[in-house]
Peer 1: 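I have a structure here, written as structure tokens, and I will follow up with some questions on it.
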Amino acid sequence: MRGAMDHDPPIRVKNLNIYYGREHALKNISVDIPGRTITAIIGPSGCGKTTLLKSFNRLVDLADGVAVSGEVLVDGENIYAPGVDVTRVRKKMGLLSQKPYPLPMSIYNNVAYGPRIHGTKKRGELDRIVERRLRESGLWDEVRDRLHAPASKLSLGQQQRLCLARGLAVEPEIILCDEPTSALDPVSSRRIEERFRELKSSYTIVVVTHILRQAKRLADYVIFLYLGELVEHGPAGKIFEEPEQAMTREYVKGSIS
Ligand code: ADP
Ligand code: MG
């Protein structure tokens, strides 16, 4: 179901400004996020990475005293236009947060949760969805013989992959991740990164990270934010090897933290 929308990038940000009260958290950001790639949003703590990510599915609206101007177009539609169905917009996106938040139920039910809400009731069909999504998130072999155990029994790294599977089960187009490995050990982090590399042929992935090495390992495109401004955006090779801005050069050298 693409057709005419093929020419639009999955996410296009135009002159986006976001204020929390009087704090101007994002300053006139314009950027396109290309499809079926991994884009990393990098920059020091407090520079607006999470705010930008959350503007893509209107989660940013949930904070008190937020004011948004400008546009975020998802598949060509401005999601901040009056009357937009926010639930429908959010259905296009899976979200992975810093810590895994599995639902207090079995491994199986975590993955089946979304499809059930959207009307899939047949056991056989749910079984197929659960297996497929657990395979995609690299967890199937580890849990196939204990699908009905509580999700809380899994290690933190496994829980994060389960959350990925749960997100994939509602068939999003875009996967948004906010420092998705920050609570994980290095081995678990690598497994999540491996999944992203695998999944990017089918999904558009946006990952917030303050870990430069992770951005280097993962990103096709990089957005560098500093104090709420977009300093530079481009292919990862260019940003890391020959950035245009002095500020980017300093940051990727590790001189600014
Ligand atoms: P990052 O993810 O890069 O650390 P954030 O997007 O979380 O940055 O925050 C950007 C700025 O906006 C920071 O100065 C932060 O204090 C402020 N901010 C973030 N969330 C809120 C909020 N809910 N209410 C008020 N200020 C906020
Ligand atoms: Mg953040």
Side-chain angles (χ1 to χ4, degrees), residues 11-31 33 38-72 74 79-80 86 89-90 93-101 156 159-160 163-164 167 174-184 188-189 192-193 196 204-219 221-234 236 239-240 243 245 247-257:
I11 301 174
R12 166 168 283 173
V13 181
K14 281 192 193 168
N15 306 111
L16 182 70
N17 285 280
I18 296 184
Y19 295 82
Y20 295 106
R22 290 169 64 183
E23 159 131 26
H24 196 176
L26 286 183
K27 299 174 183 162
N28 211 37
I29 308 286
S30 293
V31 68
I33 298 198
I38 301 178
T39 294
I41 303 175
I42 64 169
S45 177
C47 68
K49 301 184 295 298
T50 296
T51 301
L52 182 59
L53 190 80
K54 286 184 170 175
S55 77
F56 298 162
N57 67 355
R58 290 198 47 180
L59 267 182
V60 76
D61 303 27
L62 298 179
D64 283 335
V66 164
V68 179
S69 74
E71 297 183 353
V72 174
V74 175
I79 64 170
Y80 289 93
V86 177
V89 169
R90 292 199 184 127
M93 310 195 201
L95 185 70
L96 214 52
S97 49
Q98 285 177 284
K99 279 196 203 140
Y101 291 104
L156 219 50
Q159 288 182 20
Q160 191 66 312
C163 290
L164 180 60
I174 299 166
I175 305 173
L176 305 176
C177 316
D178 194 355
E179 308 201 8
T181 64
S182 62
L184 307 184
S188 303
S189 301
I192 290 279
E193 290 179 12
F196 290 161
T204 301
I205 302 177
V206 187
V207 185
V208 165
T209 182
H210 67 268
I211 308 164
L212 274 172
R213 275 175 303 171
Q214 180 170 65
K216 285 180 187 167
R217 286 192 296 267
L218 277 181
Y221 289 87
V222 174
I223 294 170
F224 172 46
L225 296 181
Y226 193 72
L227 299 176
E229 294 189 47
L230 188 154
V231 178
E232 197 163 344
H233 168 244
I239 299 286
F240 289 121
Q245 304 297 324
M247 183 80 89
T248 314
R249 207 148 40 236
E250 291 303 303
Y251 186 72
V252 301
K253 272 200 310 204
S255 325
I256 310 170
S257 59

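Counting starts at 1 for both ligands and their atoms, following the listed order. Here the structure is a predicted model, which means the values were calculated and not measured.
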Peer 1: Is Leu16 close to Val31 at the side-chain level, that is, under 4.5 Å between some pair of heavy atoms?
Peer 2: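 No. Closest side-chain heavy atoms not under 4.5 Å.
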Peer 1: Give the numbers and elements of all ligand 1 atoms closer than 4.0 Å to a heavy atom of Ala25.
Peer 2: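 Checking each atom against Ala25, I get 12 (O).
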Peer 1: Between Pro180 and Phe196, is any pair of side-chain heavy atoms under 4.5 Å apart?
Peer 2: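 Yes; the side chains approach each other to less than 4.5 Å.
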Peer 1: What atoms of ligand 1 come within less than 4.0 Å of a heavy atom belonging to Glu23?
Peer 2: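 Going through ligand 1 atom by atom, the ones under 4.0 Å from Glu23 are 11 (C), 12 (O), 13 (C), 14 (O).
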Peer 1: Going by the atom numbers of ligand 1, which of them fall below 4.0 Å from some non-hydrogen atom of Ser45?
Peer 2: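 Matching atoms, with element in brackets: 4 (O).
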Peer 1: Which heavy atom of Glu232 sits nearest to which heavy atom of Ile239, and what is that distance?
Peer 2: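 Closest heavy-atom pair between Glu232 and Ile239: CG-CD1, 3.6 Å.
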Peer 1: Show which atoms of ligand 1 fall inside a sub-4.0 Å distance from at least one heavy-atom site of Ala63.
Peer 2: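 Within the 4.0 Å cut-off of Ala63, ligand 1 contributes 23 (N).
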Peer 1: At what distance is the nearest protein heavy atom to atom 20 (N) of ligand 1, and which residue and atom is it?
Peer 2: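 Looking only at protein heavy atoms, the one closest to atom 20 (N) of ligand 1 is Tyr20 CZ, 3.4 Å.
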Peer 1: Identify, for atom 7 (O) of ligand 1, the protein heavy atom at the shortest distance, and state residue, atom and that distance.
Peer 2: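 For this ligand atom, the closest protein heavy atom is Thr50 CB, 3.8 Å.
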Peer 1: Might you point out which heavy atoms bring Phe56 and Ile41 nearest each other, and give the distance in Å?
Peer 2: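 Taking Phe56 first and Ile41 second, the nearest heavy atoms are CE1-CD1, 4.4 Å.
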Peer 1: What is the nearest protein non-hydrogen atom to atom 9 (O) of ligand 1, stated with its residue, atom name and distance?
Peer 2: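 That would be Thr51 OG1, 3.9 Å.
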Peer 1: Between the side chains of Thr181 and Gln214, is a donor N or O closer than 3.5 angstrom to an acceptor N or O?
Peer 2: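 Yes - a donor-acceptor pair under 3.5 Å links their side chains.
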Peer 1: Any sub-3.5 Å donor-acceptor pair from Arg58's side-chain atoms to Tyr80's backbone N or O?
Peer 2: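 No; zero donor-acceptor contacts below 3.5 Å.
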Peer 1: What I'd like to find out is whether the side chain of Leu59 reaches to under 4.5 Å of the side chain of Arg90, using heavy atoms alone.
Peer 2: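 Sidechains of Arg90 and Leu59: in contact.
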Peer 1: Can you see which heavy atom on Asn57 is nearest to which on Val89, and at what distance?
Peer 2: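 Asn57 and Val89 have their closest heavy atoms at CA-CG1, 4.5 Å.
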Peer 1: Closer than 2.8 Å to the Mg ion (ligand 2), which protein N, O or S atoms?
Peer 2: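 Listed by chain and number, the nearby protein N, O or S atoms are Thr50 OG1.
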Peer 1: Atom 8 (O) of ligand 1: which protein heavy atom is closest, and how many Å away?
Peer 2: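 Sorting protein heavy atoms by distance from atom 8 (O) of ligand 1 puts Gly48 N, 3.2 Å first.
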Peer 1: Between Leu230 and Ser30, is any pair of side-chain heavy atoms under 4.5 Å apart?
Peer 2: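 Answer no - side chains too far apart.
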Peer 1: For atom 10 (C) of ligand 1, what's the nearest protein heavy-atom neighbour? Residue, atom name and distance, please.
Peer 2: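 For atom 10 (C) of ligand 1, the nearest protein heavy atom is Gly46 O, 3.4 Å.
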Peer 1: Looking at Tyr101 and Cys163, what are the two nearest heavy atoms and their distance?
Peer 2: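 Looking at all heavy atoms of both residues, the closest pair is N-SG, 3.5 Å.
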